[in-house]
Asks: 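Structure in structure tokens, see below.
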Amino acid sequence: MFARMAATAEGTAAAALRQVLQRVQQAAEKANRTPEQVRLVAVSKTKPVAMLEEVFQAGQRHFGENYVQELLEKAPKMPAEVKWHFIGHLQSNKAKPLIAEVSNLFLVETVDSVKIANQLDKAVAGAGRSPLNVYVQVNTSGEESKFGVEPGDCVDLAKHVHTGCSNLNFSGLMTIGMADYTSTPQNFKTLTQCREAVCEELGLSIQDVELSMGMSGDFEQAIALGSTNVRVGSTIFGARDYGPK
Ligand SMILES: *Cc1c(COP(=O)(O)O)cnc(C)c1O
């Protein structure tokens, strides 16, 4: 009996992952898109490495973390095949250790100032790595507690990253919807409008600029509105006791 309980507990996150992947697939198909057009990032902040390993074993490769210190501790304990996304607010003095120590860092989703872009650019050059993928974070809900540039400033920052930071690969835009989800459709539409403006100004095609939007409570809505990168934490790993939402 105990063995059975343990087996069940062990498989919880993996089972939840499969359910989320299924929901991603259904939402993509409903929107006449293929599941390959939507990347799932498993947001593992505050969760123990054993749980991440379970989800990795189930096939998940993209993981997201919010705190530099936590990522620096977890990354060496996880397989090198993991593609890490940094999705928290990045302080400029943390850019260097983040780049130097996490060689399999795949994407920084939260570039929200020229200063942080320049710090990352310099750190990537210093580490001698190939260009780092980054998203520009946009505050589409207007909440003061949220980081990110104003929608009206996204073109300028995207342009700086794209044309002024040779060690960064401008890959898209990211936003966090309203916490109570009431205005997320509008937040997500705002991000798609930001993408149109960026593409026009930089001469990029829509397919070249990803949209990172959608979390546990609204990822299906986000996929319907064009998200290419959803960040799902608690629905896979369970509720968090502490840390940011
Ligand atoms: C925590 C977090 C998530 C995941 O949130 P859930 O509601 O647990 O899915 C996604 N994006 C960012 C930026 C986060 O901080």
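Every number for a ligand or one of its atoms is a count from 1 in the order of the listing. As the structure is a computational prediction, the values presented were derived from the model and not from experiment.
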Asks: For Asn187 and Thr184: C-alpha separation, side-chain torsions, deciding distance, then whether side chain to side chain donor-acceptor pair (under 3.5 Å) applies.
Replies: CA-CA 5 Å; Asn187 302 152; Thr184 47; 5.7 Å; no

Asks: Testing Leu107, Asn169, Asp121, Ile99 one by one against Leu132 for a side-chain contact (heavy atoms from CB on, under 4.5 Å), which residue passes?
Replies: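 Only match with Leu132 under side-chain contact (heavy atoms from CB on, under 4.5 Å): Ile99.
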
Asks: Output yes when the distance from some N or O of ligand 1 to some N or O of Gly233 is under 3.5 Å, and no in every other case.
Replies: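 Gly233 vs ligand 1: N/O contact under 3.5 Å present.
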
Asks: Which atoms from ligand 1 have a heavy atom of Arg240 less than 4.0 Å away?
Replies: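 Result: 1 (C), 5 (O), 6 (P), 8 (O).
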
Asks: Run the numbers on Thr175 and Gln137 for side chain to side chain donor-acceptor pair (under 3.5 Å), then give the verdict.
Replies: CA-CA 6 Å; Thr175 198; Gln137 182 177 359; over 6 Å; no

Asks: Does the residue Met174 have a heavy-atom contact with ligand 1, meaning some pair of atoms that are separated by less than 4.0 Å?
Replies: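 The answer is yes, since Met174 has a heavy atom less than 4.0 Å from ligand 1.
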
Asks: Numbering the atoms of ligand 1 from 1, which are under 4.0 Å from a heavy atom of Lys45?
Replies: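 Matching atoms, with element in brackets: 1 (C), 2 (C), 3 (C), 14 (C), 15 (O).
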
Asks: May I ask you to list the atoms of ligand 1 that are less than 4.0 angstrom from any heavy atom of Arg231?
Replies: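 Counting atoms of ligand 1 from 1, those under 4.0 Å from Arg231 are 4 (C), 9 (O), 10 (C), 11 (N), 12 (C), 13 (C).
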
Asks: Side chain, backbone, both or neither: which part of Ile176 comes within less than 4.0 Å of ligand 1 when only heavy atoms are counted?
Replies: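 For Ile176, only side-chain atoms sit under 4.0 Å from ligand 1.
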
Asks: Of all the atoms in ligand 1, which lie at a distance below 4.0 Å from a heavy atom belonging to Val232?
Replies: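 Listed by number with element, the hits are 9 (O).
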
Asks: For the pair Phe63 and Trp84, name the ring-plane relationship: parallel under 30°, tilted 30 to 60°, perpendicular over 60°.
Replies: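 Rings of Phe63 and Trp84: tilted, as their planes differ by 30° to 60°.
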
Asks: Does the pair Glu143 and Ser145 meet the rule for a side chain to side chain donor-acceptor pair (under 3.5 Å), with working shown?
Replies: CA-CA 5 Å; Glu143 293 164 283; Ser145 59; 4.7 Å; no

Asks: Short list, please: which atoms of ligand 1 are under 4.0 Å from a heavy atom of Asn66?
Replies: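 So the atoms of ligand 1 that pass are 14 (C), 15 (O).
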
Asks: Is there a side-chain contact between Lys94 and Gln69, using heavy atoms and a 4.5 Å cut-off?
Replies: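 Side chain of Lys94 against side chain of Gln69, heavy atoms only: no contact under 4.5 Å found.
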
Asks: Can you name the atoms of ligand 1, numbered from 1 with element, that are less than 4.0 Å from a heavy atom of Ser216?
Replies: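 Reading through ligand 1 atom by atom, the close ones are 6 (P), 7 (O), 8 (O), 9 (O).
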
Asks: Report the C-alpha separation of Ser234 and Arg240 in whole Å, then their side-chain angles, then the decisive distance to 0.1 Å, and conclude whether the side chain to side chain donor-acceptor pair (under 3.5 Å) test is met.
Replies: CA-CA 7 Å; Ser234 47; Arg240 289 177 295 275; 4.6 Å; no

